[in-house]
Amino acid sequence: MQLSSFTKTLKPSETLAVSTKAKTLRAQGRDVIDFGLGEPDFNTPENVIRAAEHAMAEGYTKYTAPVGLPELRRVISEKLKRENSLDFTPEQIVVSCGAKHVLYNLAMLLVGPGDEVIIPGPCWVTYPAQVEMAGATPVIIPSTADEDFKINGEVLRRYITPKTKGIILNSPCNPTGTVYTPEELEDLAKVLLDTEMFIITDEIYEHIIFDGVKQMSIASLDPALKERSIIVNGFSKTYAMTGWRLGYCAGPADLIEYYGRLQSQTTSNATSFAQVAGIEALTGPQDTVHMMVAEFERRRNFVVEQLNAMPGVTCNMPRGAFYVFPKVDALYGKAAQGHTVQTSMDMADYLLDEAGVALVPGDGFCDDRYVRISYATSMESLQTGLGRMRQALQQLQ
Ligand SMILES: *Cc1c(COP(=O)(O)O)cnc(C)c1O
């Protein structure tokens with residue numbers, strides 16, 4: 001088959017390798033505990049499911065406007081005002097097939113060959129992958145656990161070049177769970193205001209946040225910044241709707257106009273009845289969200305405590321999302337059961353074989369010193385899995 005030069009640049013997801021192996025082991029009858037999941041273990045709230053059922057019965061089974069149902073765009077506009085203190089008209093909002101799809105469209109619309117996009121790391125692997133798909137160059141700014149996985153304005157300034165087109169921010173962050181404070185965002189904003197850079201702010205974990213910390217959108221800090229910001233969000237995490245494929249963004253009117261053109265020639269609208277369900281998610285009762293977040297917080301406390309008691313492991317206390325990102329490189333160079341652990345991939349492989357625990361190597365998030373554990377799984381699985389992990393790590397000599 002003759003493939004295009006673009007196709008030849010596509011890389012397989014490194015994070016998928018472990019989950020594929022976990023599935024194979026499971027199929028062979030092995031008891032594998034999965035800490036790799038990037039989605040809530042809760043079901044979509046009942047009222048949202050009902051709304052979709054009604055929508056289908058009522059005929060919401062046809063195309064909608066490519067950019068989304070007017071009613072959903074209006075409800076999102078109100079949500080942004082109410083929760084994020086952001087003024088966007090419904091015409092400045094587009095609905096797509098998940099936030100990942102939104103981010104892909106934005107990469108296509110905003111960058112191309114020769115452009116650089118700054119991404120604070122560790123980061124979700126999708127950001128650099130999509131920037132590369134658009135022909136541009138991702139520039140990762142590394143940060144460490146000691147810095148709480150955050151960059152500051154001074155560091156950011158050093159990475160800005162004449163080729164820099166924009167930055168992708170993600171707070172709360174996947175994989176680290178880090179949440180920027182308003183003061184820290186101010187510090188970044190000061191530097192960004194001196195530039196013409198676009199700011200993509202992925203706020204998909206905004207409600208999964210603990211310890212009374214308040215999430216804030218950098219776009220709300222300054223009108224001049226908002227003019228260049230695109231707020232990316234979706235329903236997957238807050239409303240446990242990963243399978244529904246529903247996300248959205250709000251941004252400058254001229255960009256959104258082109259976004260509509262792109263989407264009308266590619267996917268057209270997101271699923272019609274999922275959009276109606278999205279209206280219910282945003283306007284209906286929010287008690288299931290609060291219940292889910294309280295449970296995530298309880299699990300987070302347990303997981304962080306357990307990890308810090310393991311030999312060679314240190315783990316920050318994340319303030320949001322449902323991941324922890326423990327540092328494990330103190331164990332690199334050690335060996336057990338025929339495994340020598342030199343990298344995060346080796347570590348994931350060793351823990352899968354020896355402990356029957358699947359987690360994601362930090363390499364997939366641009367930092368090889370860490371692994372990512374998702375606690376979007378039952379307390380029972382966490383107890384068993386972390387116990388087995390501790391035993392396996394103790395064997396490393
Ligand atoms: C899960 C996730 C998304 C997108 O999810 P969709 O299901 O595509 O809406 C976006 N950003 C981050 C950081 C995520 O972890």
Side-chain angles (χ1 to χ4, degrees), residues 13-23 26 32-49 52 95-104 122-127 129-130 170-179 202-210 215 232-248 270-271 274 277-278 280-282 286 288-300 302-303 318 320-325 348 352 357-362 364-365 371-382 385:
S13 162
E14 299 147 43
T15 58
L16 232 57
V18 180
S19 77
T20 306
K21 191 167 168 193
K23 283 200 189 87
R26 252 198 198 139
V32 176
I33 293 183
D34 197 350
F35 290 160
L37 297 173
E39 60 184 346
D41 54 315
F42 300 92
N43 200 6
T44 305
E46 201 58 34
N47 61 312
V48 176
I49 293 174
V95 179
S96 295
C97 310
K100 190 182 266 186
H101 179 216
V102 171
L103 289 159
Y104 179 78
C123 65
W124 193 39
V125 68
T126 294
Y127 303 137
Q130 291 184 340
N170 176 216
S171 171
C173 172
N174 172 9
T176 61
T178 274
V179 182
D202 178 352
E203 304 180 2
I204 194 130
Y205 292 101
E206 64 175 341
H207 286 296
I208 305 177
I209 195 158
F210 318 122
Q215 198 269 353
V232 177
N233 210 325
F235 297 78
S236 287
K237 309 294 157 62
T238 304
Y239 300 103
M241 289 174 70
T242 45
W244 297 67
R245 310 314 301 129
L246 197 63
Y248 60 88
T271 304
E280 173 62 21
L282 289 177
Q286 304 290 307
T288 53
V289 180
H290 302 138
M291 187 273 302
M292 186 173 77
V293 173
E295 177 59 20
F296 280 143
E297 184 162 352
R298 196 169 76 92
R299 294 180 195 166
R300 176 207 58 169
F302 174 73
V303 171
F322 40 70
Y323 313 101
V324 288
F325 204 55
L352 186 55
V357 167
L359 42 70
V360 186
F365 304 99
V371 291
R372 190 192 75 175
I373 292 175
S374 160
Y375 49 88
T377 185
S378 71
M379 201 63 173
E380 198 190 338
S381 297
L382 290 169

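Values below: all heavy atoms of this structure, side chains included; hydrogens, waters and symmetry mates excluded.
Contact check for Leu246 versus Cys97: no side-chain heavy atoms found under the 4.5 Å cut-off.
Nearest approach of Ile208 to Thr238, heavy atoms of both residues: CD1-N, 4.5 Å. Closest non-hydrogen pair, Val32 versus Arg26, comes out as O-NH2, 2.7 Å. Ala22 approaches Ala358 most closely through the heavy-atom pair CB-CB, 3.9 Å. Here the closest non-hydrogen pair linking Val95 and Ala270 is CG1-CB, 4.1 Å. In this structure, Pro172 and Ala321 approach most closely via the heavy-atom pair CB-N, 3.9 Å. In terms of heavy-atom proximity, Ile33 sits nearest to Gly385 at CD1-N, 3.5 Å.
Screening Val324, Val371, Leu382, Val360 for a side chain to side chain contact (heavy atoms under 4.5 Å, CB included) involving Phe35 leaves a single residue, Leu382.
When the side-chain hydrogen bond (donor to acceptor under 3.5 Å, both in side chains) test is applied to Arg245, no partner is found at least two apart in sequence or on another chain.
Residues Phe296 and Phe42 bring their aromatic ring centres within 6.0 Å.
Aromatic ring orientation, Tyr205 versus Phe322: perpendicular (interplanar angle above 60°, classes split at 30° and 60°). Between Tyr375 and Phe210, the ring planes lie tilted relative to each other; the angle falls in the 30° to 60° range. Using a 30° and 60° split on the angle between ring planes, Tyr239 and Phe235 fall in the tilted class, from 30° to 60°.
The main-chain N or O of Tyr323 is never found under 3.5 Å from a side-chain atom of Arg372 such that the two would form a donor-acceptor pair. When atom types are taken as modelled, the side chain of Ser378 and the backbone of Ser381 share a donor-acceptor pair closer than 3.5 angstrom. A donor-acceptor contact shorter than 3.5 Å is absent between the side chain of Glu203 and the backbone of Gly234. The closest donor-acceptor contact from the side chain of Ser96 to the backbone of Gly98 lies at 3.5 Å or more, if one exists at all.
For the residue pair Trp244 / Thr44, a side-chain donor-acceptor distance below 3.5 Å is found, with atom types taken as modelled. Side chains of Glu280 and Asn47: a donor on one and an acceptor on the other come within 3.5 Å.
Here Met292 contributes atom CE and His207 contributes atom NE2; the two are 10.0 Å apart, rounded to the nearest 0.5 Å. Taking NZ from Lys237 and CD1 from Ile204, the interatomic distance works out to 5.0 Å, rounded to the nearest 0.5 Å. Between the CG atom in Asn170 and the CH2 atom in Trp124 there is a gap of 8.5 Å [rounded to 0.5 Å]. Between the OG atom of Ser374 and the CG atom of Asn174 there is a distance of 9.0 Å, given to the nearest 0.5 Å. The distance from the CE atom of Met291 to the CD atom of Gln286 is 12.5 Å, given to the nearest 0.5 Å.
A salt bridge does not link Asp34 with Lys23: every distance from a Lys NZ or Arg NE/NH1/NH2 to an Asp or Glu carboxylate oxygen is 4.0 Å or more.
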